[in-house]
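Read the structure below first, then the notes.
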Amino acid sequence: MTTTPTHVAGDTTVLLKRSLRHILRSPDTIITTAITPIAMLLLFVYVFGSAIRVGGDSYVDYLLPGILLITVASGIAYTAFRLFTDVSSGIFERFQSMPIARSAVLWGHVLTSLVANLVSLALVVLVALAMGFRSGAGVLAWLGVLGILVLFTLALTWLAVIPGLTATSVDGVSGFSYPLIFLPFISSAFVPTEGMPGPVRWFAEHQPVTSIVDTIRHLFAGQPLGSEVWVALAWCVGLLVLAYALAMRTYRRKLG
């Protein structure tokens, strides 16, 4: 069967609506995804915040960018689980026997992840605003934050596709996200890196979370971005390209 861009887009839209209906029937999925980051936001601001020095900024302003990345890392676990459920239930093979574009099966899950994560991110930002978060960012800066978060979400979502296709148990499919959730703890997300021991500081300053968090933080504060934004974009785009390539290779092997 020959597929055209219009055919692929139509099939992807149908499968996207299917996945979104599943989420609407179970809205606790998005709420659960946002609970952990919101709990961490409350804990660090109201319990640890008074003991952490971050310069002249309020701690909630400093903390929010890292919490947003943790929100995405929490949300993609559900993407892997939904894909694993389709594979293990047999509906995945059923889709392959139907006259639909094969790539639409994955894109339906990926776009569902993007929509669900954006809703969770909006909930976290609303809670942060209620806690005193304030931003001097203009419209372009907010759009910049949105663009970085979309790239980051797509990169981790395509990464989540791999265990969703290959895992043999529920524990296996959900466990892969734990390192992604804890990676921000060894970065500038919670505290400045200057006070960290030498090797830990080196790792924190050269891993992707720090550059992405610092870029979002500068955008929120309306500060000059410098070269850090290009490092953050390079990490996001590089991870996205690599994850997409690995996911599609895994998908082709699954079909074979």
Side-chain angles (χ1 to χ4, degrees), residues 36-77 80 117 121 124 128 133 144-145 148-149 151-160 162-163 171-221 223-247:
T36 298
I38 289 174
M40 293 176 64
L41 186 64
L42 294 169
L43 175 67
F44 275 87
V45 170
Y46 292 130
V47 178
F48 303 128
S50 60
I52 300 176
R53 298 290 176 262
V54 293
D57 298 331
S58 69
Y59 189 56
V60 66
D61 291 352
Y62 183 91
L63 182 64
L64 181 59
I67 295 296
L68 294 178
L69 298 196
I70 290 176
T71 303
V72 175
S74 300
I76 61 161
N117 275 290
L121 289 168
V124 172
F133 168 73
V145 171
I148 290 174
L149 290 175
L151 285 174
F152 184 73
T153 301
L154 288 174
L156 293 195
T157 298
W158 279 108
L159 191 63
I162 300 171
D171 292 336
V173 77
S174 59
F176 91 99
S177 65
Y178 295 151
L180 300 177
I181 293 174
F182 288 110
L183 192 60
F185 286 91
I186 314 176
S187 72
S188 64
F190 293 90
V191 295
T193 59
E194 288 79 5
M196 297 179 181
V200 177
R201 176 178 178 178
W202 183 91
F203 176 80
E205 291 179 347
H206 293 86
Q207 60 123 317
V209 170
T210 292
S211 59
I212 297 171
V213 162
D214 288 347
T215 298
I216 294 176
R217 192 176 288 138
H218 290 156
L219 285 169
F220 277 148
Q223 298 174 349
L225 298 178
S227 61
E228 194 71 22
V229 63
W230 301 112
V231 177
L233 288 174
W235 274 114
C236 288
V237 174
L239 288 172
L240 174 56
V241 171
L242 179 61
Y244 175 79
L246 292 175

With sequence neighbours excluded, what pairs up with A243 under the side-chain contact (heavy atoms from CB on, under 4.5 Å) test? W158, L159
Taking the side chain as everything from C-beta on, heavy atoms only, tell me whether L149 gets closer than 4.5 Å to I216. yes
Please name all residues satisfying side-chain contact (heavy atoms from CB on, under 4.5 Å) with V241, sequence neighbours left out, ordered by chain then number. V237
Residue set satisfying side-chain hydrogen bond (donor to acceptor under 3.5 Å, both in side chains) with S211, at least two apart, ordered chain then number -> none
Rounded to the nearest 0.5 Å, how far apart are CD1 of I67 and CZ of F133? 12.5 Å
Taking all non-hydrogen atoms of both residues into account, name the closest pair between C236 and A155 and its distance. O-CB, 4.0 Å
List the atom pairs, with distances to 0.1 Å, where a side-chain N or O of residues 225-234 and a protein N or O form a donor-acceptor pair under 3.5 Å, not counting sequence neighbours.
none

V145 vs F220, test: side-chain contact (heavy atoms from CB on, under 4.5 Å). Steps then yes/no. CA-CA 8 Å; V145 171; F220 277 148; 3.9 Å; yes
If you take all heavy atoms of V213 and P65, which pair is closest and at what distance? O-CB, 3.8 Å
With rounding to the nearest 0.5 angstrom, report the CG to CG distance, L68 to N117. 11.0 Å
Tell me, do P208 and F152 make a side-chain contact under 4.5 Å, heavy atoms counted? no
With the side chain counted from C-beta on, respond yes when I70 and V124 share a heavy-atom pair under 4.5 Å apart, and no when they do not. no
How many angstroms lie between CG in L69 and OG1 in T153, if you round to the nearest 0.5 Å? 8.5 Å
Going by salt bridge (Lys or Arg N to Asp or Glu O under 4.0 Å), name the pairs with one or both residues in residues 177-188, residues two or more places apart or in two chains. none
Please enumerate all residues that pass ring pair (Phe, Tyr, Trp, His ring centres under 6.0 Å) together with F182, with sequence neighbours excluded. F185
Of all residues at least two apart in sequence or in a different chain, which pass the ring pair (Phe, Tyr, Trp, His ring centres under 6.0 Å) check with F48? F44
Test your reading of the model: is there a side-chain donor-acceptor pair from Y59 to the backbone of F190, 3.5 Å cut-off? yes
Which pairs, with at least one residue in residues 181-191 and sequence neighbours excluded, count as a side chain to side chain donor-acceptor pair (under 3.5 Å)? S188-D214
With rounding to the nearest 0.5 angstrom, report the CD1 to CH2 distance, I212 to W235. 8.5 Å
Determine, stepwise, if the pair L219 / I148 fulfils side-chain contact (heavy atoms from CB on, under 4.5 Å). CA-CA 11 Å; L219 285 169; I148 290 174; 4.0 Å; yes
To the nearest 0.5 Å, tell me how far T210 OG1 sits from L183 CG. 8.0 Å
Rounded at 0.5 Å granularity, tell me how far OH in Y244 sits from OG1 in T157. 14.0 Å
Do any pairs count as a salt bridge (Lys or Arg N to Asp or Glu O under 4.0 Å) and have a residue in residues 199-209, sequence neighbours left out, and if so which ones? R201-E205
Can you name the nearest heavy-atom pair linking A80 to A160, along with the distance? CB-O, 3.5 Å
